[in-house]
Q: 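Take this structure, written in structure tokens, and hold onto it; I'll ask about it next.
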Amino acid sequence: MTKKIFSGVQPTGNLHLGNYLGAIKNFVELNNDKENECIFCVVDLHAITVKQNPKELRNNIRETVATFVASGINPQKSIIFNQSKVSAHSEAAWILSCVARMGWLNRMTQFKEKAGKDKEKASIGLYSYPVLMAADILLYDAEVVPVGKDQLQHIEITRDVAARFNHQMGDTFVLPQAKIQENEQYIPGTDGQKMSKSRNNTINIFLPQKKLRKQIMGIQTDSTPLEDPKNPENCNVFALYKLLAPASSIQALREKYLAGGMGYGHAKTKLYEKADWSKSYAY
Ligand code: AQP
């Protein structure tokens, strides 16, 4: 049975493994299922909830579309478009903001994190971001929304907005389901926290080899002596390696950790080989 899929990515530049493994990889799988009708949106209106340089924003919009296509989304099969070109998104966001409750928005962890200590100075756009996201999804009757785990709260609020609107105005919107990546975890960054640009802990997906190597060599590890056995399950390098390598390579590296005599530099080199897109489609 045909399923309607919708998701978006902000054109904020420097797309990273969190974006790819948490969301875009899922987009490609959904695009490849011929039963699905997929819409992938470059959400530039969301990007301007924080200050943007107009020239860079324009370039980043193109770069995001290019990343979709390079990752395997087929523009002959799926719709790829730019959010600000469809004014219905902003219009629906206003209508839905009259339905959404302040109490729901006050609970959003992403707003709390991004606004930081001085909430008074945050933009209203940053605060009402989830309402615009609800508009994006509900406009297309999307049933499935592939997102990273960090966006789950926003899908819940989308469902709350749709349910309240339907209750007040009659059956109008489809209540969407989130689809998150298999292991249901955040993709960790170089410090083991959620990978994100604002934490400056990313490994970017399109980088010249030298810069990619530098990001990978910068992954935080502990300072155990070379000869000591290491616990792979506590290691930021291994956490990323597991997401990129086939099962047999994961097992081989796990054994090296446990046997001792291996430095983290070796594990980082192994990770670099998997993360270097110019050599292979390791993902
Ligand atoms: N670390 C992550 N793990 C899993 N999924 C992730 N996503 C982002 N980071 C992770 C998913 O990528 C999709 C696009 O996200 P976005 O456009 O909202 O980008 P973002 O979240 O703004 O990226 P950053 O780096 O986290 O930016 P900042 O630091 O500015 O907030 C979404 O589906 C998201 O879940």
Side-chain angles (χ1 to χ4, degrees), residues 5-31 38-53 56-57 60-61 63-65 67-68 71 73 80-84 89 108-116 122-123 125-127 129-134 136-137 142 144-158 176-207 215 219 236 239-240 242-244 275 283:
I5 317 288
F6 179 96
S7 196
V9 172
Q10 295 185 73
T12 41
N14 297 324
L15 287 164
H16 52 73
L17 281 179
N19 299 132
Y20 179 75
L21 297 169
I24 300 172
K25 195 175 171 206
N26 244 339
F27 298 179
V28 176
E29 278 161 23
L30 291 161
N31 163 92
C38 301
I39 304 176
F40 300 114
C41 186
V42 180
V43 290
D44 51 351
L45 295 173
H46 280 96
I48 61 167
T49 53
V50 294
K51 195 168 174 222
Q52 298 290 334
N53 170 317
E56 280 174 19
L57 183 62
N60 289 338
I61 290 168
E63 189 188 280
T64 308
V65 174
T67 305
F68 284 174
S71 303
I73 295 172
I80 299 175
F81 80 105
N82 189 359
Q83 185 188 30
S84 63
H89 288 254
M108 296 296 110
T109 36
Q110 196 176 74
F111 175 75
K112 288 181 199 159
E113 279 175 18
K114 288 200 172 177
S123 73
L126 192 63
Y127 181 69
Y129 183 114
V131 182
L132 177 59
M133 185 163 159
D136 300 337
I137 297 165
V144 177
V145 186
V147 283
K149 194 182 170 197
D150 57 322
Q151 291 293 334
L152 272 186
Q153 239 193 344
H154 293 165
I155 307 300
E156 305 271 304
I157 206 172
T158 299
Q177 299 280 352
K179 181 178 191 302
I180 55 176
Q181 76 272 11
E182 261 164 46
N183 59 11
E184 303 192 1
Q185 292 302 319
Y186 299 123
I187 306 303
T190 54
D191 57 357
Q193 304 294 308
K194 185 208 141 191
M195 187 178 290
S196 71
K197 280 170 289 234
S198 43
R199 285 196 174 90
N200 200 19
N201 65 355
T202 62
I203 293 177
N204 297 359
I205 54 178
F206 296 122
L207 272 186
Q215 283 190 340
I219 296 175
N236 296 332
L240 284 165
K242 278 200 294 191
L243 295 165
L244 302 179
Y283 310 118

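As the structure is a computational prediction, the values presented were derived from the model and not from experiment. As the structure lists them, so they are numbered: ligands from 1, and atoms in each ligand from 1.
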Q: Which residue and non-hydrogen atom of the protein lie closest to atom 33 (O) of ligand 1, and at what distance in Å?
A: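 That would be Gly148 N, 3.1 Å.
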Q: On a heavy-atom basis, I'd like to know which of Gly18, Ala47, Gly13 is closest to atom 10 (C) of ligand 1.
A: Gly18
Q: Show me, pair by pair, the donor-acceptor contacts under 3.5 angstrom made by side chains of residues 6-13, not counting sequence neighbours?
A:
unit_1, atom_1, unit_2, atom_2, d
Ser7, OG, Pro146, O, 2.7
Gln10, NE2, Tyr129, OH, 3.1
Thr12, OG1, Lys197, NZ, 2.7

Q: Would you mind running through ligand 1 and noting each atom that sits below 4.0 Å from a heavy atom of Tyr186?
A: 3 (N)
Q: If you count the atoms of ligand 1 from 1 in the order shown, which ones are under 4.0 Å from a heavy atom of Val147?
A: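 Counting atoms of ligand 1 from 1, those under 4.0 Å from Val147 are 33 (O).
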Q: I need the single residue from Leu21, Asn204, Ile203 that forms a side chain to side chain contact (heavy atoms under 4.5 Å, CB included) with His16. Which is it?
A: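 Between His16 and the candidates, side chain to side chain contact (heavy atoms under 4.5 Å, CB included) is satisfied uniquely by Asn204.
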Q: So, 4.0 Å and heavy atoms of Lys114: is ligand 1 close enough to count as a contact?
A: yes
Q: Calculate, to the nearest 0.5 Å, the distance between atoms CG and CE belonging to Leu240 and Met195 respectively.
A: 5.0 Å
Q: Just which atoms of ligand 1 are under 4.0 Å from any heavy atom in Ala23?
A: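 Contacts of ligand 1 toward Ala23, numbered from 1: 12 (O), 13 (C), 33 (O).
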Q: Among all the protein's non-hydrogen atoms, which is closest to atom 29 (O) of ligand 1, and how far away is it?
A: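 In this structure, atom 29 (O) of ligand 1 has Ser198 OG, 2.4 Å as its nearest protein heavy atom.
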Q: More than 12 heavy atoms of other residues, nucleotides or ligands under 6.0 Å from CG of Asn200: is that the case?
A: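 Count not over threshold, so no.
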Q: So if I count the atoms of ligand 1 from 1 in the order they appear, which ones are less than 4.0 Å from some heavy atom of Val9?
A: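 Per the distance check, 14 (C), 17 (O).
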Q: Using a strict cut-off of 4.0 Å, indicate which atoms of ligand 1 neighbour a heavy atom of Ser196.
A: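 Selected atoms, number and element: 24 (P), 25 (O), 26 (O), 29 (O).
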Q: Can you list the atoms of ligand 1 that are under 4.0 Å from a heavy atom of Gly22?
A: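 Near Gly22, the atoms of ligand 1 are 4 (C), 5 (N).
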Q: Can you tell me how far the OH atom of Tyr20 sits from the OG atom of Ser71, to the nearest 0.5 Å?
A: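 Tyr20 OH to Ser71 OG: 5.5 Å, rounded to 0.5 Å.
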Q: Backbone or side chain, does any N or O of Thr12 fall under 3.5 Å from an N or O of ligand 1?
A: no
Q: Of all residues at least two apart in sequence or in a different chain, which pass the side chain to side chain donor-acceptor pair (under 3.5 Å) check with His154?
A: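 His154 satisfies side chain to side chain donor-acceptor pair (under 3.5 Å) with Gln151 only.
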Q: Which residue from Asn19, Leu15, Ile187 reaches closest to atom 23 (O) of ligand 1 through any of its heavy atoms?
A: Asn19
Q: Tell me which part of Asp150 gets within contact of ligand 1: side chain, backbone, both or neither, using heavy atoms under 4.0 Å.
A: side chain
Q: Where the side chain of Gln153 meets the backbone of Thr109, is there a donor-acceptor pair that is under 3.5 Å apart?
A: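 Such a contact is found between Gln153 side chain and Thr109 backbone.
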Q: Within this structure, what is the CZ-OG1 distance for the pair Arg199 and Thr190, rounded to the nearest 0.5 Å?
A: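 Output value for this atom pair is 11.0 Å.
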Q: Which option, His46, Glu113, Gln10, Met195, owns the non-hydrogen atom nearest atom 1 (N) of ligand 1?
A: Met195
Q: Once you restrict to heavy atoms under 4.0 Å, what part of His16 touches ligand 1? Side chain, backbone, both or neither.
A: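 Side chain only.
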Q: Kindly say whether Ser84 contributes a backbone atom to a donor-acceptor pair with the side chain of Asp44 at under 3.5 angstrom?
A: yes
Q: How far is atom 27 (O) of ligand 1 from its nearest protein heavy atom, and which residue and atom is that?
A: Lys197 CE, 3.6 Å
Q: Is there a donor-acceptor pair under 3.5 Å between the side chain of Asn60 and the backbone N or O of Glu56?
A: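 The answer is yes, because a donor-acceptor pair under 3.5 Å joins these two groups.
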